[in-house]
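A quick write-up on the structure given underneath.
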Amino acid sequence: RDMGVLQAENHIVQRYIENPYLIGGKKFDLRLYVLVLSYIPLKVYLYRSGFARFSNTRFSMRKEDISNSFIHLTNVAVQKTG
């Protein structure tokens with residue numbers, strides 16, 4: 001093995017929430033922009049123009065729906081094809 005070449009590794013960096021908050025029965029996420037200037041004292045600025053992304057399909061944890069990206073992902077690249 002060549003030690004000068006880095007090998008790609010797969011990692012899970014989040015845990016799936018099986019009982020998420022829903023709006024209209026659909027998953028969503030909020031994109032908010034925040035600037036934290038200090039922690040002590042806490043000084044935070046929140047940009048007013050955040051946005052929400054929604055899945056196209058109502059949420060389901062049924063076995064036949066687990067692999068349905070339109071239910072479980074709010075990613076725009078996935079949802080625009082749905």
Side-chain angles (χ1 to χ4, degrees):
R1 179 175 171 173
D2 183 2
M3 297 306 282
V5 177
L6 296 176
Q7 299 295 318
E9 295 181 23
N10 294 323
H11 298 280
I12 296 174
V13 296
Q14 61 187 9
R15 182 175 51 163
Y16 190 80
I17 299 172
E18 294 181 16
N19 189 20
Y21 290 114
L22 304 172
I23 295 178
K26 297 179 179 182
K27 285 185 70 175
F28 68 97
D29 68 42
L30 301 174
R31 181 66 55 100
L32 303 172
Y33 299 96
V34 178
L35 173 63
V36 179
L37 293 179
S38 66
Y39 291 98
I40 301 174
L42 182 60
K43 191 169 190 177
V44 177
Y45 290 96
L46 175 64
Y47 185 63
R48 292 181 187 258
S49 296
F51 60 92
R53 301 182 302 181
F54 293 85
S55 63
N56 283 334
T57 308
R58 293 180 65 84
F59 181 74
S60 168
M61 283 297 291
R62 293 188 322 228
K63 187 176 182 178
E64 59 271 17
D65 293 334
I66 292 299
S67 62
N68 185 336
S69 297
F70 300 116
I71 292 174
H72 299 282
L73 301 177
T74 58
N75 184 298
V76 174
V78 171
Q79 295 300 324
K80 72 179 180 182
T81 62

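Computed from heavy atoms alone, side chains included, the values below leave out hydrogens, waters and symmetry copies. Counting from 1, the numbers follow the sequence of the chain as shown.
Following chains of ILVMFWY side-chain contacts shorter than 4.5 Å, one can reach M61 starting from I71, so the two form part of one hydrophobic cluster. When the side chains of ILVMFWY residues are joined at heavy-atom separations under 4.5 Å, either directly or via intervening members, Y45 and V34 end up in two distinct hydrophobic clusters. Residues L42 and L35 do not share a hydrophobic cluster, clusters being chains of Ile/Leu/Val/Met/Phe/Trp/Tyr side chains in contact below 4.5 Å.
L46 is listed as a side-chain neighbour of L32, based on a closest heavy-atom distance under 4.5 Å. L22 places none of its side-chain heavy atoms less than 4.5 Å from the side chain of F28. Counting heavy atoms from C-beta outward, F59 and P20 have side chains that approach closer than 4.5 Å. Side-chain contact between L37 and V44 is absent, with no heavy atoms from C-beta onward closer than 4.5 Å.
S55 OG to N75 CG: the interatomic distance, rounded to the nearest 0.5 Å, is 12.0 Å. The OG atom of S60 sits 7.0 Å away from atom CD1 of I66, with the distance rounded to the nearest 0.5 Å. To the nearest 0.5 Å, atoms CG (L30) and CD1 (I23) are separated by 7.0 Å.
Heavy atoms from other residues, nucleotides or ligands lying under 6.0 Å from CD1 of I17 number 12 at most.
Here the closest non-hydrogen pair linking T74 and F54 is CG2-C, 4.1 Å.
Between the side chain of H72 and the backbone N or O of D65, at least one donor-acceptor pair lies under 3.5 Å. Distance alone, capped at 3.5 Å, places no donor-acceptor pair between the S38 side chain and the I40 backbone. The closest donor-acceptor contact from the side chain of R58 to the backbone of K27 lies at 3.5 Å or more, if one exists at all.
Using the six-membered ring where Trp is involved, Y47 and Y33 have ring planes that are perpendicular, over 60° apart on the 30 and 60° scheme.
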